[in-house]
Amino acid sequence: MKKLKGKNAFWLKGLVWLAGIMVLFTVISKITDSFTVAKVKTGTPSQKKLQYEVSAEGQIEKNREVFILTQPELLVESVLVSEGQRVKKGDLLARLDIKQLKERMDTLKGEKRALELQNEAAEKNRRLAWRRRTKALAQAKKEYGQLKEKNRKALVKAKKKLDAKAWREMKRAAEQEEKEAEKAVEEAGEEPEADNSVEVNNISIRNLQKQLDKLDKIRKQKGEIRASRAGVITGILVNVGQKTQDTGFMTMTDDSAGLRFTGQLMIPDARYVSVGDKVTLQSAGSKQEEVSVTAMEMDESREFMKVTALLPAGTFALGETVTMTAVQESESYPCTVPVTALRQESGRNFVLTVQTEDTVLGEQEIARQAEVTVLEKNESCAALEADALDKETRIITDSDRYVQTGDRIRIRGEGDE
């Protein structure tokens, strides 16, 4: 009986030791796994559109600039606005010197009168020349007729004397005289050289009258220059004490044309923006406005694409710096994965999937390679051919160490770091 009890105690002790060894090996195995088996994050393919976001800084500029015009050679008495100032239609911008304006009108009237007097004299001389030419022509015709009659009588008389030689000489002389007389008639009847001085003067007279009419209108307005539209003064071309020029008096924006955003996109980013696309503009003060791209053109350096978008009135201020953001969406792809899941080797693209397999250690999670064809990708997502993976496939999207096909892996839980 004692021997049986001793034998049972021996086996019991052996079982305890064996259980302890197994527990020890299990702990060691788990500890080893924690150092050798990669912990991974997984995901499944999903259907989505890929988005591409690009941004560019730019300035708010005037969309259209117009000249404030007045007549040239007028003295500026006062300027009542400054560059950058916003004005309304009808606001007083400047005053011109009325005294100098009247003197300018007197000068132009004098020039016009001088031309009119020249025309009167030219017309009088033209009539006088016509009368002289008519009188000279009549006299030349009379002398020509008298000469022909005289020669006819002389030739008849010579023919009666039967002097053939004298008769021939007289005939030649008569013909020469008549030829010269006929030439005199032609010369007397010739029109004088064309004289367009009156017509040219009339053109100048009409232009002077137009200037006088415009100056008279300014005189009636007491020399005041007012804004013809609402906008912002962008340039003052003539200051107090100077005379106005043909090019204009001031420049200003036209509120009816609005402002515009102009920015530069890097060439690789420009492929995601097209004319007509909606983009978002945001200022430093977080003011946002959605606008449409109206123009795109290559910069002279050929390193950037210039992007222009017209703005509605009352959005941003002239000269303000804003950021443009454009988002472009692809078509909807049925199979997309995070770009972190995508791998490449020898020019081939693949992902690592999670497979549950029976091993000597029991069921284990194993990484297996699945080759894929990439259709399109952005910074965060890749679109694959639709039949590359099914929607239930578990894909390794991240891991705490390098993983390759055939490696044992462990799915990372919420509490894992």
Side-chain angles (χ1 to χ4, degrees), residues 49-69 81-89 227-237 245-333 339 375-383:
K49 297 178 180 179
L50 273 61
Q51 287 191 338
Y52 302 90
E53 182 176 304
V54 295
S55 61
E57 277 201 352
Q59 298 288 323
I60 302 301
E61 301 175 348
K62 52 202 171 194
N63 182 41
R64 185 170 68 197
E65 189 175 53
V66 296
F67 281 104
I68 299 169
L69 300 174
V81 292
S82 56
E83 290 186 13
Q85 181 176 336
R86 172 165 290 281
V87 297
K88 302 186 298 294
K89 182 178 180 179
S228 60
R229 66 201 73 204
V232 176
I233 302 298
T234 56
I236 298 176
L237 308 180
Q245 307 295 323
D246 290 331
T247 53
F249 181 53
M250 294 181 184
T251 57
M252 66 178 292
T253 62
D254 183 358
D255 273 3
S256 64
L259 299 174
R260 68 182 181 189
F261 164 82
T262 301
Q264 289 182 324
L265 274 175
M266 298 293 291
I267 294 298
D269 292 340
R271 59 181 171 166
Y272 300 118
V273 183
S274 302
V275 173
D277 284 355
K278 294 289 187 182
V279 296
T280 301
L281 302 181
Q282 183 169 341
S283 67
S286 299
K287 184 177 183 179
Q288 286 190 355
E289 188 73 29
E290 187 178 68
V291 297
S292 297
V293 175
T294 53
M296 293 184 70
E297 59 181 335
M298 186 73 74
D299 185 75
E300 292 181 359
S301 66
R302 305 192 71 81
E303 295 180 0
F304 303 95
M305 187 69 76
K306 183 179 177 182
V307 181
T308 302
L310 299 184
L311 307 179
T315 49
F316 297 98
L318 182 65
E320 193 171 3
T321 299
V322 299
T323 300
M324 181 198 81
T325 302
V327 178
Q328 185 74 269
E329 279 192 341
S330 71
E331 61 180 277
S332 181
Y333 290 104
V339 76
L375 302 177
E376 187 178 348
K377 67 177 180 178
N378 61 13
E379 294 180 352
S380 61
C381 194

Is there a side-chain contact (heavy atoms from CB on, under 4.5 Å) between Met305 and Met298 once you walk through the steps?
-> CA-CA 5 Å; Met305 187 69 76; Met298 186 73 74; 4.3 Å; yes

Tell me, with the steps shown, if Leu259 and Thr315 meet side-chain contact (heavy atoms from CB on, under 4.5 Å).
-> CA-CA 9 Å; Leu259 299 174; Thr315 49; over 6 Å; no

Heavy-atom closest contact ([X] atom, [Y] atom, distance):
| X | Y | answer |
| --- | --- | --- |
| Val293 | Ala309 | CA-CB, 4.3 Å |
| Ala56 | Leu265 | CB-CD2, 3.8 Å |
| Phe304 | Met266 | CE2-SD, 3.4 Å |

Straight-line distance of [X] [atom1] to [Y] [atom2], nearest 0.5 Å:
| X | Y | atom1 | atom2 | result |
| --- | --- | --- | --- | --- |
| Glu376 | Tyr333 | CD | OH | 3.5 Å |
| Ser55 | Gln282 | OG | CD | 11.0 Å |
| Thr234 | Met250 | OG1 | CE | 10.5 Å |
| Glu331 | Leu375 | CD | CG | 8.0 Å |

Any side-chain hydrogen bond (donor to acceptor under 3.5 Å, both in side chains) involving residues 316-325? Give me the pairs, sequence neighbours left out, ordered by first then second residue.
-> Gln59-Thr321

Student check: side-chain heavy atoms of [X] and [Y] closer than 4.5 Å:
| X | Y | value |
| --- | --- | --- |
| Val291 | Met324 | no |
| Phe67 | Leu237 | yes |
| Leu311 | Leu281 | yes |

Okay, side chain of Thr308, backbone of Thr294: is any donor-acceptor separation there less than 3.5 Å?
->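 Not a single qualifying donor-acceptor pair exists.
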
Do Asn378 side-chain atoms and Tyr52 backbone N/O form a donor-acceptor pair below 3.5 Å?
->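 No, the answer is negative, given that no donor and acceptor are paired below the 3.5 Å cut-off.
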
Return yes if a side-chain donor-acceptor contact under 3.5 Å exists between Glu61 and Thr262, otherwise no.
->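 There is such a pair between these side chains.
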
Mind checking side chain to side chain donor-acceptor pair (under 3.5 Å) for Asp254 and listing every partner two or more places apart, or none if nothing turns up?
-> Arg64, Arg229, Ser256

Does the pair Val273 and Gln328 meet the rule for a side-chain contact (heavy atoms from CB on, under 4.5 Å), with working shown?
-> CA-CA 7 Å; Val273 183; Gln328 185 74 269; over 6 Å; no

Does a sphere of radius 6.0 Å around NZ in Lys287 hold more than 12 heavy atoms from other residues, nucleotides or ligands, not counting ones at 6.0 Å or beyond?
->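 Atom NZ in Lys287 is packed in, count exceeds 12.
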
